[in-house]
Every structure is written in C-alpha cells, then in structure tokens.
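Hydrogens, waters and symmetry mates play no part in the numbers below; they use all other heavy atoms, side chains included.
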Amino acid sequence: MGSANGNGKQPLFSFGLISDVQYADILDGRSFLGVPRYYRHSIFVLQRAVKEWNNHQKHKFVINFGDIVDGYCPKDQSLNTVKKIVDEFVMFNGPVHHLIGNHCLYNLPRSKLLPLFKIKSLQGHAYYDFSPVSEYRFVVLDGYDHSAIGWPQDHPRTLEALKFLREKNPNEDKNNPTGLVGLERRFLMFNGGIGKEQMEWFNGVLKDATILKQKVVVCCHLPLHPGASSKEALLWNYEEVLNLIHKFNCVKVCISGHDHKGGYYMDSHGVHHRVLEAALECPPGTNAFGYADVYDDRISLYGTDRMRSAHMYFNPNADFDDNMASFDVHTE
C-alpha cells in the first residue's frame with residue numbers, strides 16, 4: 001500500500017475506515033431494493049480489514065461509520081453479537097472510533113450501546129470530536145439525535161420525532177417513501193436528524209477549529225448531501241447542517257455510510273462528500289474497506305475491491321474555489 005505522493009511527500013497521518021458491516025448469524029437476504037446482503041460473510045470482510053490495517057503499521061486510528069450488526073439479528077442475540085463485532089475491531093492495534101447507525105439502535109438502546117463503543121456521554125448522545133494531529137480535527141455527528149429509534153419509547157425525543165414523521169410522511173409505515181416527492185423521500189424512520197443542542201455544539205467546534213487553523217473532517221452515519229447519496233438515505237435536516245458547515249472554511253471533507261452503494265460529490269463550497277460502500281453487500285471473497293492518507297492539501301482514500309478510491313484535494317492556503325477531486329471507479 002503506497003503512502004507517499006509522487007513527490008515523495010509523506011502523509012501527516014493515515015487512518016482505516018469501514019461502514020455498514022451489519023453482521024448477523026442468519027441466511028443471506030436482500031434489501032428492499034433487491035440488492036443481495038451477505039450477513040455471515042461481512043465479519044470476514046471486517047477481519048480482513050483489521051489484518052490489512054495492522055499490516056500497514058502506520059494507521060493512527062480506525063473509524064467505523066456505523067451499523068455493525070443488522071436489524072434482522074435475533075434480538076435475544078443482539079448484545080452478544082454487538083460484543084462479538086466490537087471485539088473484532090479491538091483486534092486493531094490502535095484506537096477505534098465508532099459511529100452509531102440505525103441498525104445499531106434496532107439491536108440495543110443507547111444506554112447499552114454507547115458503553116460498548118466507549119463513547120462517553122451522560123445524556124445518551126453520541127457526538128464528539130478529536131484531533132489526531134494539531135492540523136486536523138475530526139467531528140463525529142450523531143445523526144439519530146432527533147430520531148424515533150434508539151431512545152426509550154416515552155422519551156421526549158422519540159415523541160417529537162414521531163410527531164415530525166407524521167407531519168412529513170403520510171404513509172402508515174414510516175419507512176415507506178411512497179408518495180413522497182424528490183428530497184421529501186428522506187423523511188423515513190430509518191433516518192434521523194441533528195437536534196438544536198448538537199447544532200450549537202457543532203457551531204462551537206467549528207469556531208474553535210477556525211481559530212486554531214484546523215482542517216475539519218465531518219463524520220456522520222447519514223449522508224449530508226443529496227449529490228453523494230440516494231434521497232431516501234439523507235439526514236432529515238441536512239440543509240441546516242450544510243448551511244452551518246458553509247459558514248466556515250475549515251470543513252474540507254464529510255464522510256458517511258448508510259447508503260450502501262456509496263457515492264461522491266464536491267459541493268458548491270468545495271466541500272468533499274464521500275459515502276462509503278457497505279461491507280454487508282460484498283459477495284464472498286470480496287471486500288469493502290479502505291484507508292486514508294491525510295496531507296496538508298488533500299485526503300486520499302484508498303479503497304479495497306468494492307470500495308472506490310477518492311483523492312480529495314484542497315488548497316490549504318486558499319478559498320474553496322481552488323479545491324478539486326478525482327474519484328476512481330473500481331470495476332467488479
């Protein structure tokens with residue numbers, strides 16, 4: 001695995017990444033779109049990923065972009081299955097940063113899930129930030145902060161989200177987008193939004209990063225831009241989040257999971273949006289994981305098999321107009 005550019009420049013650091021493992025000890029199935037899902041094979045994708053990350057020897061950390069266990073996992077097996085997959089991540093020789101996804105929340109409530117992910121939170125929130133080097137800050141957003149799943153059934157957040165969905169989606173099944181038009185198709189129960197308190201926190205983090213002249217990578221299970229994602233997979237209030245991001249010039253890349261086919265888009269403000277291909281949908285013997293080399297002027301994502309590579313450039317000393325990107329398509 002190469003980790004220097006054509007000029008021999010070494011990255012500031014590198015990290016591993018994977019999304020939507022969605023392991024379950026059940027027979028293979030299909031998504032509601034008919035795409036094959038390989039529930040038992042996905043753990044082998046993760047094991048091969050950890051082996052590759054460890055062989056690299058220079059990755060500073062790994063990020064799991066959510067949904068480590070599938071919602072079809074038998075509920076009497078949920079706790080042990082989540083522990084089983086977390087233990088696979090523990091085999092990486094370094095820190096692992098977890099994001100929560102909808103399938104995680106189908107299996108366990110936040111009160112049980114967050115301690116397993118080593119996410120420290122007094123109120124059940126799963127947003128946080130960290131700086132692996134002084135030049136960069138990673139912001140992990142909790143896309144199910146405003147959600148009808150994951151919180152207790154009588155929790156104010158659950159009740160508020162259910163009221164929101166009734167107003168936005170007239171279907172009895174709130175995961176059914178029938179009749180919803182265009183971007184309205186995101187108003188589904190398996191998606192969620194970012195609440196006021198988290199938005200205020202996010203604003204403060206971006207202000208702080210700007211003062212410290214840090215470049216920011218935003219991580220969220222749910223995609224933040226329709227150019228990179230299916231309409232049905234978007235964060236409910238993605239526009240609000242994008243408006244905040246665009247008030248600053250520090251955010252360079254947003255990385256997500258959830259939309260299993262993956263995607264890429266560079267928005268009008270030069271922010272790169274990369275949605276990762278799902279490990280769950282890898283036929284036996286194939287993979288979907290990768291690593292990123294991080295430089296002062298770009299982030300280069302190197303994908304394996306079904307995960308496509310993306311080289312996301314930004315001028316470290318200029319405005320967004322100087323940004324550019326290349327997106328490599330790997331044939332299967």
Side-chain angles (χ1 to χ4, degrees), residues 1-19 49 52-53 56 58-66 94-97 99 129-141 205-206 209-210 212-221 223-225 227-229 242 245-246 248-257 262-277 288-304 307-330:
M1 290 184 175
S3 59
N5 66 15
N7 298 323
K9 182 180 178 182
Q10 294 295 320
L12 297 171
F13 63 96
S14 65
F15 65 97
L17 68 178
I18 193 169
S19 191
E52 286 289 333
W53 296 330
H56 191 280
K58 293 184 179 180
H59 294 323
K60 207 168 185 69
F61 56 89
V62 160
I63 303 180
N64 156 40
F65 281 84
V96 177
H97 300 283
L99 280 66
D129 66 309
F130 63 97
S131 294
V133 296
S134 60
E135 297 94 332
Y136 272 87
R137 184 178 301 205
F138 283 67
V139 179
V140 173
L141 297 179
V205 170
L206 295 183
T210 299
L212 295 173
K213 296 183 170 24
Q214 292 176 317
K215 299 172 187 66
V216 174
V217 177
V218 175
C219 305
C220 183
H221 180 68
L224 303 179
H225 200 290
S229 167
L242 282 179
I245 287 172
H246 292 159
F248 300 87
N249 197 37
C250 56
V251 176
K252 304 302 179 183
V253 177
C254 298
I255 307 176
S256 302
Y264 170 79
Y265 187 77
M266 185 171 69
D267 70 28
S268 60
H269 285 66
V271 178
H272 302 274
H273 297 264
R274 179 69 174 92
V275 179
L276 303 178
E277 292 77 11
F289 60 85
Y291 74 94
D293 281 344
V294 181
Y295 299 85
D296 188 49
D297 63 347
R298 79 177 192 270
I299 294 178
S300 289
L301 190 161
Y302 297 94
T304 301
M307 183 173 288
R308 292 167 285 180
S309 297
H311 303 282
M312 299 170 282
Y313 295 84
F314 35 87
N315 188 326
N317 300 310
D319 291 331
F320 56 80
D321 289 335
D322 294 304
N323 290 359
M324 55 185 176
S326 66
F327 189 46
D328 298 340
V329 178
H330 293 173

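Heavy atoms only, all atoms of each residue included: Val251 and Val271 are closest at O-CG2, 3.6 Å. Counting all heavy atoms, side chain and backbone alike, His59 lies closest to Gly16 at CG-N, 4.2 Å. The shortest heavy-atom contact between Pro223 and Ser256 is CA-OG, 3.4 Å.
Ring centroid separation for the pair Tyr302 and His311 comes in under the 6.0 Å cut-off. Taking the ring centroids of His56 and Tyr291, they lie under the 6.0 Å cut-off.
At a threshold of 4.5 Å between non-hydrogen side-chain atoms, the residues Lys9 and Asp296 count as touching.
Note that the CZ atom of Arg308 and the OH atom of Tyr264 stand 12.0 Å from one another [nearest 0.5 Å]. Rounding to the nearest 0.5 Å places CD1 of Ile255 at 10.0 Å from CG of Leu99. Here the CD1-CZ distance, from Ile63 to Phe130, works out to 4.5 Å after rounding to the nearest 0.5 Å. From Thr210, atom OG1 reaches atom CG of Asn249 across 8.0 Å, with rounding to the nearest 0.5 Å. Distance check, rounded to the nearest 0.5 Å: CG of Asn64 to CD1 of Ile18 gives 7.5 Å. Rounding to the nearest 0.5 Å places SG of Cys254 at 7.0 Å from CG of Leu242.
With hydrogens and angles disregarded, a donor-acceptor distance shorter than 3.5 Å links the side chain of Tyr136 to the backbone of Tyr295. Of the possible polar contacts, none joining the Arg137 side chain to the Lys215 backbone as a donor-acceptor pair under 3.5 Å is found. For the pair Trp53 (side chain) and Lys58 (backbone), a donor-acceptor distance under 3.5 Å is absent.
Checked against ring pair (Phe, Tyr, Trp, His ring centres under 6.0 Å), His225 has the following partners two or more places apart in sequence or in another chain: Tyr265, His273.
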Between Leu301 and Leu17, is a side-chain contact (heavy atoms from CB on, under 4.5 Å) present by the stated rule, with each step listed? CA-CA 9 Å; Leu301 190 161; Leu17 68 178; 3.8 Å; yes
With side-chain contact (heavy atoms from CB on, under 4.5 Å) as the criterion, how do His272 and Ile299 come out once you've worked through the C-alpha distance, each side chain's angles and the decisive distance to 0.1 Å? CA-CA 10 Å; His272 302 274; Ile299 294 178; over 6 Å; no
Verdict with supporting geometry, Met312 and Arg298, side-chain contact (heavy atoms from CB on, under 4.5 Å): CA-CA 5 Å; Met312 299 170 282; Arg298 79 177 192 270; 5.9 Å; no
Apply side-chain contact (heavy atoms from CB on, under 4.5 Å) to the pair Glu135 and Val294, showing each step before the final yes or no. CA-CA 10 Å; Glu135 297 94 332; Val294 181; over 6 Å; no
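Under the 30°/60° scheme for interplanar angles, the aromatic rings of Phe13 and Phe61 are found to be tilted.
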